[in-house]
Protein chains: 2
Amino acid sequence: MKKLPGKTVERLSKYRRALLYSFKSGKEHIFSHEIAELLHITSVQVRRDLMLIGYTGTLRKGYDIKELIDKIGIILDTQSGQKVAVIGLGNLGRAFIRYFSGKRTKLSIVAAFDVNPEKINTVYEGVPCYDSERISEIVIREKISIAILTVPVDESNRTADILIRSGIKGILNYTSKALNVPQDVYLEEYDMVTSLEKVAYFAKQ
Amino acid sequence: MKKLPGKTVERLSKYRRALLYSFKSGKEHIFSHEIAELLHITSVQVRRDLMLIGYTGTLRKGYDIKELIDKIGIILDTQSGQKVAVIGLGNLGRAFIRYFSGKRTKLSIVAAFDVNPEKINTVYEGVPCYDSERISEIVIREKISIAILTVPVDESNRTADILIRSGIKGILNYTSKALNVPQDVYLEEYDMVTSLEKVAYFAKQ
DNA sequence: TATCCATTGTTAAGCGATTAACAATGTTAA
DNA sequence: TTAACATTGTTAATCGCTTAACAATGGATA
């Protein structure tokens, strides 16, 4: 299937979580305007997104929640799952591991890396922490395709280069430096300080 | 001044950080294409953003770094500064406090809140942690205008309501639930799971 | 002095995403 | 049986942001 718009992909992820929640509470069908309410968006947008992934509802009952969850899974997930590594086991790295621990999804965090000897060879929430020197070895061995980068900013480019040479396919960069990656590596950047400064700007009346 | 586009505000925050870094290393002037390189964007976009804030460079020397930093400060900051609270002193809350500790900016994190008795009345990186029961009291007393919300998802709406009733002006929401806020409260949402799922989607070739 | 040229500032075009509009559909109610 | 209606799926319009295009500028160079 042709690549979907980034914004649609983000919403599909949110639809799925909201739908799982509704399904667990016993609901079987849902209308576009109900999904829209859950996410605080419009029903048109929901229908447009579902049109893009080719899922069709029924006229008076809306969408079959179970079917739609499965359909979104076909779009977002890979059959065999994808392995994720957290680079930098600081607060942010641990936050990620916490969010994912226990959730059995097609994304699994299988390794963390740090330079701190006190963290190396420990296990956090079931995820082993290795010496950062071993990134390349383990990424290749474990076929890890996604990295969450939460290292100090002056290490970010060097670390990204190692990941790229080890065949990583996507990087989620939380360091405040724009990374250089080749075209075939997907890069998503998020800057906590910028987010807070943005809120501060719009919060002053 | 008229409100700037959100994307421009985000970039201004990044320009400032990059410019501060350049200034510290002794540089005094900079061209639009040099700023663009630092952020991996185009020089046109830089010039357009600077046009929007009304800053004018010189033709052959480019922009005066010191002046531009000050100009961005006038746009983004308030004269007296803004106070920030972290609600939920988990990994993510601590990550935020860490990022900001030591940096003397117009944004200062002055309080954290948690329900865990072991955290209440401790101090993390200079930031005192209070009982979540006291959010309203302290937000009002300290004139805190911005909240970073990192509580468990089932507490998010209740907590947001307390913040709103206490006169908060902006909320940065890291819980995975869309919040209901009145028009005069600025809301920025970020979902770590969605970000990772987006990377995963675009990383599968 | 006159010409060249890199750079800025700004207008216009293009693009991607959201929103509006509406035909199609089939269930419900008269 | 027919009319009313809520809802879906899709096309068209709109909006906001990015990118392209280019005139204006004034220092450097011949």
Legend entry - Side-chain donor-acceptor contact under 3.5 Å, D49(B) with Y15(B): yes

Inset, instruction - Say whether Y186(A) and E188(A), considering side chains only, have a donor N or O and an acceptor N or O under 3.5 Å apart. - result: yes

Inset, instruction - Using whole Å, report how far CD of E67(B) lies from C1' of dT8(C). - result: 15 Å

Inset, instruction - May I ask you to say whether R141(B) pairs ionically with E137(B), meaning some side-chain N is under 4.0 Å from a carboxylate O? - result: yes

Legend entry - Y63(B) OH to dT25(D) C1', straight-line distance once rounded to whole Å: 13 Å

List, one per line, each side-chain donor-acceptor pair under 3.5 Å for residues 160-171 of chain A, sequence neighbours excluded.
residue: S166(A); atom: OG; partner: S136(A); partner atom: OG; Å: 2.9
residue: S166(A); atom: OG; partner: I162(A); partner atom: O; Å: 2.7

Legend entry - dC17(D) phosphate, OP1 or OP2, under 4.0 Å from T8(B) side-chain N/O: no

Inset, instruction - To the nearest Å, give me how far apart CD (E10(A)) and P (dA17(C)) are. - result: 10 Å

Legend entry - Salt-bridge present (E28(B), K61(B); N to O < 4.0 Å): no

Legend entry - Between P of dG9(D) and CG of L68(A), the distance in whole Å: 11 Å

Legend entry - Spacing between L4(A) atom CG and dA17(C) atom C1', to the nearest angstrom: 14 Å

Inset, instruction - Please check if any side-chain donor atom of D191(A) sits under 3.5 Å from a side-chain acceptor atom of S176(A), or the reverse. - result: no

Legend entry - Nucleotide dT28(C), atom C1' - distance to NZ of K61(A) in whole Å: 15 Å

Legend entry - Whole-Å distance separating the NE2 atom of H29(A) from the P atom of dG26(C): 15 Å

Legend entry - Under-4.0 Å salt bridge between K27(B) and E34(B): yes

Legend entry - Proximity to DNA chain D (any heavy atom under 4.0 Å), residues of residues 31-53 of chain B only: T42(B), V44(B), Q45(B), R48(B)

What are the atom names and distances for every N/O pair under 3.5 Å that joins the protein to nucleotides 26-30 of chain D?
residue: dG26(D); atom: N2; partner: R60(B); partner atom: NH1; Å: 3.0

Legend entry - Pair E189(A)-Y174(A), side-chain donor/acceptor within less than 3.5 Å: no

Inset, instruction - Please confirm whether F31(B) and Y63(B) have ring centers closer than 6.0 angstrom. - result: no

